[in-house]
K.L.:
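Here it is, the structure in full.
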Amino acid sequence: MKVTTASVTLLAIATLSGLCTAVPTKRADSSTPTEIQILNFALTLEHLENAFYTQGLQKYTQQDFLNADLPPWARGRWNQIAQHESTHVSFLEGVIGDQAVQPCTYSFPDTDPMSFVTTSFMLETVGVSAYSGAAQFLSNSDYITSSGAILAVEARQSTWINSAVLKANPWNTAFDTPLDLNHVWTLASGVIVSCPSSNMPLPVKAFPALSFPAGAQPGQTVKVSFNATMTGQLYVAFIAGLGATFAPLSSQMTVDIPSTLQGVVFPVITSSNQMVTDNVTIAGPTFLSFHFNSDDVNEL
Ligand SMILES: *[C@@H]1O[C@H](CO)[C@@H](O)[C@H](O)[C@H]1NC(C)=O
Ligand SMILES: *[C@@H]1O[C@H](CO)[C@@H](O)[C@H](O)[C@H]1NC(C)=O
């Protein structure tokens with residue numbers, strides 16, 4: 001993707017005014033979730049993935065996949081992914097025991113095999129961010145080891161979808177993106193309709209949804225939308241890797257997407273241009289994926 005001179009200039013201005021900085025995205029809340037809550041948080045996400053694959057593979061046949069120009073070997077791999085998710089569910093249920101949460105009801109956005117593919121990519125990628133972000137709350141070494149082993153499989157699945165199937169970048173940057181629990185929950189709650197009231201309450205809340213125009217690319221100026229009151233200067237924190245790049249949000253709700261961004265990025269509306277903690281989050285995150293070529297990595 002080429003970047004126009006105009007947007008490079010805008011980014012340069014943002015950089016000069018100190019708006020593009022890398023900062024850790026740590027949880028500000030002092031209330032630390034218990035280990036069992038974290039395991040149930042992981043189980044909630046595994047139930048969600050399990051339901052997505054069960055429903056999707058019932059809806060779309062091999063012929064539907066072929067008609068959508070997907071390769072003949074793809075659907076069988078999704079059967080394997082579905083089995084992995086089902087195994088993650090039963091594994092976590094076994095670890096948690098009686099207190100294990102039950103599945104919720106869901107409303108998935110996929111309407112055809114191609115949107116199944118892109119939703120699957122999003123779910124697996126968010127799964128990686130959820131496990132890496134939640135790791136800090138685990139202390140039992142068995143749980144740390146097994147959740148690391150699950151995280152790695154979700155990363156392989158995410159990579160397989162984006163590179164082998166979609167022929168795009170297999171990874172983002174040198175670091176994947178750990179997300180804070182509430183940021184993960186905001187993304188997950190977009191597809192959760194309701195959960196059984198008997199489920200253990202989880203110490204998470206969803207921020208208002210944030211939406212970017214379809215096809216938004218680095219270097220473009222785009223209009224965003226979210227349902228929260230605007231007070232004072234707001235920013236878009238583009239969380240990627242271990243930090244975030246900040247850009248100011250205009251009063252017309254437009255933002256210049258930094259042209260340096262590559263791969264999966266989670267934009268969040270914040271009242272700060274220094275940190276992306278819960279206490280400064282206004283809306284989001286949402287999920288953006290900026291494909292980049294295998295050559296000329298610096299020339300987006
Ligand atoms: C938000 O929380 C962080 C971390 O605890 C703290 O440093 C910061 O001052 C807080 N910001 C606001 C606006 O309350
Ligand atoms: C904001 O609310 C309106 C009206 O309910 C809705 O149509 C729109 O999708 C919402 N926007 C976002 C980003 O959730």
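One-based numbering along the sequence shown. Atoms within each ligand, like the ligands themselves, are counted from 1 in listed order. None of the values given here were measured: they were computed from a predicted structure.
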K.L.:
Numbering the atoms of ligand 2 from 1, which are under 4.0 Å from a heavy atom of Ser225?
P.N.:
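Numbered from 1, ligand 2 contributes 13 (C).
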K.L.:
Mark whether atom 5 (O) of ligand 2 lies under 4.0 angstrom from at least one protein heavy atom.
P.N.:
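No, there is none.
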K.L.:
Are Tyr53 and Ser86 close enough that a side-chain donor and a side-chain acceptor fall under 3.5 Å?
P.N.:
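Ser86 and Tyr53 do not have a side-chain donor-acceptor pair below 3.5 Å.
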K.L.:
What I want to know is whether Asn227 and ligand 2 share at least one N or O pair that is separated by under 3.5 angstrom.
P.N.:
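Between Asn227 and ligand 2, an N or O pair is found under 3.5 Å apart.
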K.L.:
To the nearest 0.5 Å, how far apart are CH2 in Trp185 and NZ in Lys205?
P.N.:
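Rounded to the nearest 0.5 Å, the CH2-NZ separation comes out at 14.0 Å.
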K.L.:
Out of all atoms in ligand 2, which are within 4.0 Å of some heavy atom of Ala209? Include the element for each.
P.N.:
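Near Ala209, meaning under 4.0 Å from one of its heavy atoms, ligand 2 has 13 (C), 14 (O).
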K.L.:
If we count only non-hydrogen protein atoms and require a distance under 4.0 Å, does atom 14 (O) of ligand 2 qualify as touching the protein?
P.N.:
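Yes; the ligand atom in question has protein heavy-atom contact below 4.0 Å.
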K.L.:
Would you indicate whether the side-chain heavy atoms of Phe108 and Gln55 approach each other to under 4.5 Å?
P.N.:
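Gln55 vs Phe108: side chains touch.
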K.L.:
Where the closest heavy atom to atom 2 (O) of ligand 1 is concerned, which of Asn279, Asp278, Thr277, Val280 has it?
P.N.:
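Residue with the shortest heavy-atom distance to the ligand atom: Asn279.
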K.L.:
Calculate, to the nearest 0.5 Å, the distance between atoms OG1 and CG belonging to Thr61 and Leu66 respectively.
P.N.:
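Output value for this atom pair is 8.0 Å.
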K.L.:
Counting C-beta onward and ignoring hydrogens, is there a side-chain heavy-atom pair between Val117 and Trp78 closer than 4.5 Å?
P.N.:
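Yes, at least one pair of side-chain atoms sits under 4.5 Å.
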